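To start, the structure itself, in structure tokens.
None of these values were measured; they are calculated from a predicted model. In what follows, every chain begins at residue 1, and chains take the letters A, B, ... in the order their sequences are listed.
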Number of protein chains: 2
Amino acid sequence: MARSPKTAGKGRKLSNFLCFAIYSANLAFGRAYKPLLDKVGLTYTQYIALVALSDEDEQTVSALGEKLFLESNTLTPILKKLEQMGLIKRHRDPADERQVRLSLTPAGRRLIEQDLGGSLIEATGLGDDFPVVQKTVSRLRDNLLRATKADD
Amino acid sequence: MARSPKTAGKGRKLSNFLCFAIYSANLAFGRAYKPLLDKVGLTYTQYIALVALSDEDEQTVSALGEKLFLESNTLTPILKKLEQMGLIKRHRDPADERQVRLSLTPAGRRLIEQDLGGSLIEATGLGDDFPVVQKTVSRLRDNLLRATKADD
DNA sequence: TCCATATAAATCGTATCCGATTAAATCGGA
DNA sequence: TCCGATTTAATCGGATACGATTTATATGGA
């Protein structure tokens with residue numbers, strides 16, 4: 001899969017793999033963000049987590065994980081780092097001590113309101129297609145996750 | 001950036017970020033491939049590297065890196081693992097001992113000719129749009145890399 | 001020829017991802 | 001009430017990414 005149906009069977013070229021297009025586009029986004037995020041001392045994943053946290057206060061790790069498609073094994077170290085940087089607060093929910101509640105600090109909110117990636121819209125070169133591509137790729141993701149979850 | 005131009009300034013929701021759509025679609029592809037690749041003992045990155053190597057024999061690490069948008073720091077450990085698994089051969093070029101030449105072994109070629117991801121085409125749910133999306137995302141990647149390289 | 005420069009790959013440290021396991025807290029039926 | 005099953009985070013180990021450095025080789029001008 002991840003290759004065009006049209007070329008199935010032969011021409012097993014990387015350029016025909018959708019999975020590789022996504023994989024390499026993800027690397028490209030990481031590199032495009034790097035110089036912008038370096039200025040504020042954030043990594044790409046930390047930045048994405050921070051954006052998700054700006055959605056709503058007092059989210060649990062699980063709830064954040066559902067938004068990001070990640071679990072506590074990945075998130076816990078990142079969240080501890082963000083807390084250590086003074087950008088978020090973590091505390092056990094008194095009503096259920098198993099859960100950890102997450103909230104941005106004022107510093108974290110200020111940082112995220114800077115619209116750090118704004119200058120990259122033009123760099124995508126997508127123009128008016130931007131929202132279409134965004135929706136198509138999101139749909140692709142949801143389809144893949146549904147199919148993966150279906151047969152496991 | 002990575003957010004739709006239309007929503008810039010407010011509604012800083014993750015769902016409006018193109019970078020997040022790509023990031024999460026990449027995770028989704030990795031998970032969709034996982035059960036298929038587990039059967040043959042490959043990781044996702046190893047699989048992608050193997051496909052790129054099937055293009056052509058006697059590629060150098062740098063040449064492979066250009067195709068994959070990676071460098072020797074990432075590739076060397078992966079290539080050593082693939083060699084250890086008996087799927088590729090690595091040897092210094094006698095004409096220039098700085099370079100390492102890479103080729104698939106018969107076992108490596110047999111493995112890659114199985115069309116391991118074929119069953120995932122349907123899972124993308126893209127239908128006839130598959131090749132269009134593949135091209136659009138590749139173009140997005142190239143635009144981002146060009147823009148990133150431009151101002152560094 | 002000699003050596004400073006350049007190039008290719010490898011190495012190292014940090015930060016993700018992720019499967020598997022663990023630890024702590026909660027829940028629910030006997 | 002009590003204890004086994006469940007749930008939530010955290011921990012651990014293996015495999016990427018990647019900036020920075022190192023090592024080995026090659027090149028070119030004095």
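Between the P atom of dT7(D) and the CD atom of Glu66(A) lies a distance of 13 Å, rounded to the nearest Å. Look at CZ on Arg90(A): it is 10 Å from P on dA9(D), rounded to the nearest Å. For Arg92(A) and dT8(D), the CZ to C1' distance is 8 Å, given to the nearest whole Å. With rounding to whole Å, Leu64(B) atom CG is found 14 Å from dA8(C) atom C1'. Rounding to whole angstrom units, CG of residue Asn26(B) and C1' of dT16(D) are separated by 11 Å. One can place NE2 of His91(B) at 15 Å from C1' of dA8(C), the figure rounded to the nearest angstrom. Summarising the geometry, the separation between CG on Leu50(B) and P on dT16(D) is reported as 12 Å, rounded to the nearest angstrom. With rounding to whole Å, Arg101(A) atom CZ is found 11 Å from dT8(D) atom P.
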For Lys67(B) and Glu56(B), run salt bridge (charged side-chain N to carboxylate O under 4.0 Å, His left out): C-alpha distance rounded to whole Å, both residues' side-chain angles, the deciding distance at 0.1 Å, then the answer.
-> CA-CA 12 Å; Lys67(B) 288 183 181 176; Glu56(B) 177 182 10; 3.6 Å; yes
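Under the Watson-Crick or G-U wobble criterion, with both distances below 3.5 Å, dA30(C) is paired with dT1(D).
In terms of position along DNA chain D, the nucleotide closest to Val100(A) lies nearer the 5' end than the nucleotide closest to the other residue of the pair Gly30(A) and Val100(A).
Tyr23(B) and Tyr44(A) have perpendicular rings, their planes meeting at more than 60° on a 0 to 90° scale where under 30° would count as parallel.
One distance of note links CG of Asn143(B) with CD of Glu122(A); it measures 10.5 Å at 0.5 Å rounding.
The phosphate of dC17(C) has OP1 or OP2 within less than 4.0 Å of a side-chain N or O from Tyr23(B). OP1 and OP2 of dG14(D) both lie 4.0 Å or more from every side-chain N or O belonging to Thr43(B).
Of the possible polar contacts, one joining the Arg92(A) side chain to the Glu97(A) backbone as a donor-acceptor pair under 3.5 Å is found. Within the 3.5 Å criterion, the main-chain N or O of Arg101(A) finds no donor-acceptor partner in the side chain of Thr60(A). Judged by distance alone, the side chain of Gln84(A) and the main-chain N or O of Lys81(A) form no donor-acceptor pair under 3.5 Å.
Under 4.0 Å is where a charged nitrogen must lie from a carboxylate oxygen, and between Asp57(A) and Arg109(A) at least one such pair does.
Environment of CD in Glu71(A): sparse, with no more than 12 heavy atoms of neighbouring residues, nucleotides or ligands closer than 6.0 Å.
Listed in residue order, the members of residues 52-61 of chain B having a heavy atom less than 4.0 Å from DNA chain D come to none. Heavy-atom distances under 4.0 Å link DNA chain C to Leu70(A), Asn73(A), Thr74(A), Ile78(A), Lys81(A) of residues 67-83 of chain A, given in residue order.
Comparing dA9(C), dT16(C), dA8(C) by their closest approach to the side chain of Arg98(B) singles out dA8(C). Distances were taken from every side-chain heavy atom of Gln46(B) (C-beta onward) to each of dA10(D), dA15(D), dA17(D); the shortest belongs to dA15(D).
Under the rule for a side-chain hydrogen bond (donor to acceptor under 3.5 Å, both in side chains), the partners of Lys34(B) that lie at least two apart in sequence or sit in another chain are Asp38(B).
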